[in-house]
Amino acid sequence: MKQLSADQIRNALQVGFAGFVATAVFQALGPNPNQVDGFYILYGVARSLLPTAEASLAAARARVVGTVFGGVVVALLTLVLSNWLAVGIGYVLIQLGGRRLGLNQATLMNACITAILLLAVPEFSALDGWYVFDRAGWHLVGLLIGMAIERLFWFRPALQRLQDSEKRLCTLMLTATSGKESIGAENLIGLYAQHCKIRSTVLQSHQAGTLQLPGFVERDELLEQALQHAVAMQRAPKDLRHIDQEACEEALANLSEPLRSP
Amino acid sequence: MKRRPRAALTLRNGALLAFVVATCHFLSLPEGVFLALGVLTVLESDLGGGVIAGRERFTGTLMGLVAVVISSGALTAAPQAIQVCAGLTLARIFGFAAGLTSGYIVGGQVVAGSLLHHSSNWWYYAFWRTITTLLGVMLGIVISRQIYSERAISQWQEKCNSWLMELAQALSKLNTSPDGPQVFQNLRTFRNELRQGLPELAAEQSVLDAHENRTLLWAQQILQQGSTVMSCCRDLAPLLNSSPKNPFISEQIMDALISCGCTRLKGLTTGDESAQNLEALHQIQGMLQVGVRRHLNEDLSPKNVMAGMEMQSKMDLLMASRLILLVEALINAPHPLPNLWGQKHLADRVKSW
């Protein structure tokens with residue numbers, strides 16, 4: 001069992017609250033909301049609120065586009081064939097057609113799930129195109145509720161996550177240079193790879209311009225230098241280690257001034 | 001194990017899914033559709049990726065079941081919205097505690113399906129969903145392993161070989177026209193992608209041979225030593241260019257180091273490498289150590305370093321550190337695994353027939 005982080009606890013509470021709101025909407029639909037597959041609203045909530053807002057958005061897009069694409073393929077296929085063989089043929093058509101259209105793996109997976117549900121569950125087959133419409137629509141509502149809750153509580157933009165990641169890396173490298181704790185080179189490499197991922201997310205967002213400002217570029221270079229020396233320090237021969245230690249400390253000292261948000 | 005053509009795998013998966021759905025219908029298996037979805041989850045990726053996806057799906061389902069049992073049991077009299085709120089929160093908490101990275105979504109879906117869609121018979125639905133998911137995941141793993149298997153290691157090794165070849169190229173230019181920082185950035189991105197594939201190798205190993213972790217160890221070591229070669233080349237490029245003369249080894253030995261290093265890196269991708277090459281690297285290592293020791297004791301002793309020359313002495317020490325690391329990493333890089341290369345040689349021989 002892993003110990004939960006504060007972020008994970010916050011995320012669990014957010015999902016719970018989003019579920020509460022979604023159930024209220026579900027109950028407001030009337031005496032039998034499942035007639036219109038209203039329960040899918042909660043499936044949408046369960047699929048949202050992923051570790052980052054960008055991941056939630058990507059998952060939402062994949063779910064809705066995949067559901068519609070899978071539904072269209074199955075609708076066309078059932079004009080000719082609608083027995084268990086259609087499941088296999090539907091799968092192949094979705095994979096081949098979807099890849100040709102440039103759909104990603106997650107979207108194709110969602111399309112295949114829709115195809116299987118439509119063809120293998122008689123209750124859903126009976127609804128025909130309405131099933132696809134209801135499923136996609138209620139999922140969309142649930143996903144929107146989830147993403148709204150994500151924005152309302154404890155929301156951290158990508159730039160802030162980048163700053164937090166930088167702080168974490170600096171603390172770790174300081175610990176490594178002080179010799180208080182041994183931090184493996186592979187750990188540092190892994191953490192820096194995560195940092196670079198967040199950085200590329202910022203570069204794709206509206207905050208991209210901020211990273212091009214001279215102060216930010218300089219900090220980025222300093223962090224890179226500090227990391228290169230911190231990693232080399234873990235690998236270098238003992239009597240030559242101090243060279244990297246000093247260089248790392250120097251870069252970290254220059255980084256010690258906090259990064260100011262625009 | 002060679003990589004399989006994608007179209008053939010698609011056909012395999014399509015045929016198996018149709019068969020699974022038909023069997024579930026024939027047997028009237030309760031919630032049989034989740035068996036098909038479990039199989040689909042595993043088959044969508046190679047064996048290693050499928051094992052991870054299957055584990056996530058089953059563990060997530062189980063966590064969802066536990067969350068539903070607790071929230072329904074403890075909050076029987078509470079309004080449905082409160083039950084759902086508690087169920088979804090618990091499913092995420094249990095999922096995170098179990099170390100899931102995406103399976104908690106399925107846990108939430110079990111809660112949604114049980115408490116909203118099948119609220120009158122949630123136990124029947126959640127119980128059978130869990131059972132059929134387990135069966136589906138297990139069946140998927142067996143199929144992925146036995147029928148036209150695609151292994152994560154094949155793809156990983158192909159990528160790793162390309163990376164090693166690019167490293168060899170960067171090393172070959174070190175003394176003449178070293179690559180710029182962009183080349184090393186690209187090499188690092190490539191390395192990070194390879195690192196991300198390690199969990200899949202571990203998962204694959206766990207179903208192929210639970211007692212042996214040779215493949216994973218080999219992959220970790222090759223990445224570790226390759227990373228060292230990469231960072232040494234990156235750091236040495238400007239140092240060798242700015243320094244008029246390498247103070248530790250002669251030009252000829254430096255050339256020999258680069259040449260033997262390139263041969264070694266290329267040898268790691270093909271499995272063919274002469275013992276003399278490794279021996280030559282050991283000799284270069286010896287000469288380098290002697291050169292560095294002499295330089296440290298004589299030229300760089302505090303009384304010999306003149307005022308204003310500290311910077312140069314630091315550069316020299318940095319160069320010494322990187323040269324030692326470079327040779328050490330080249331020597332310690334592990335040989336390709338015999339079973340993998342045995343198959344490659346066999347495939348090459350078949351091609352030549």
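Throughout, protein chains are lettered first and strands after them, A, B, ... in sequence-line order, and every chain is numbered starting at 1. Keep in mind it's a predicted model, so treat the numbers as computed, not measured.
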### Message
Under 4.5 Å from any heavy atom of chain B, what part of Val92(A) do you find: side chain, backbone, both or neither?
### Response
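Both the backbone and the side chain of Val92(A) come within 4.5 Å of chain B.
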
### Task
Mind checking the CZ-CD1 spacing from Arg47(A) to Ile105(B)? Nearest 0.5 Å is all I need.
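With rounding to 0.5 Å, CZ (Arg47(A)) is 5.0 Å from CD1 (Ile105(B)).
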
### Task
Could you tell me the separation between the CE atom of Met109(A) and the CG atom of Leu37(B), rounded to the nearest 0.5 Å?
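It is 7.5 Å, given to the nearest 0.5 Å.
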
### Query
Using a cut-off of under 4.5 Å for heavy-atom pairs, which of Val21(B), Leu16(B), Thr101(B), Leu325(B) has the most such pairs with chain A?
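Option with the top pair count is Leu325(B).
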
### Task
Between chain A and each of Val20(B), Asp235(B), Ile93(B), count heavy-atom pairs under 4.5 Å; write down the option with the most.
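Among Val20(B), Asp235(B), Ile93(B), the one with the most close pairs to chain A is Ile93(B).
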
Among the options [options], pick out the one with the most heavy-atom pairs lying under 4.5 Å from chain B.
{"options": "Gln8(A), Gln27(A), Gln105(A), Gln95(A)", "value": "Gln8(A)"}
{"options": "Val21(A), Leu117(A), Ile116(A)", "value": "Ile116(A)"}
{"options": "Lys2(A), Arg241(A), Arg235(A), Glu246(A)", "value": "Arg235(A)"}
{"options": "Val45(A), Leu85(A), Ile113(A), Ile41(A)", "value": "Ile113(A)"}
{"options": "Leu108(A), Leu93(A), Leu50(A)", "value": "Leu50(A)"}

#### Entry: No-hydrogen, no-angle side-chain donor-acceptor test under 3.5 Å, Arg99(A) and Thr10(B)
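On atom types as modelled, these side chains qualify, holding a pair under 3.5 Å.
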
### Task
Using a strict 4.0 Å threshold on nitrogen-to-oxygen distance, state whether Arg293(B) and Asp239(A) make a salt bridge.
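No, this pair does not count.
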
### Task
Answer yes or no: is there an ion pair linking Arg195(B) with Glu186(A), defined by an N-O contact shorter than 4.0 Å?
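Yes, charged N to carboxylate O under 4.0 Å.
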
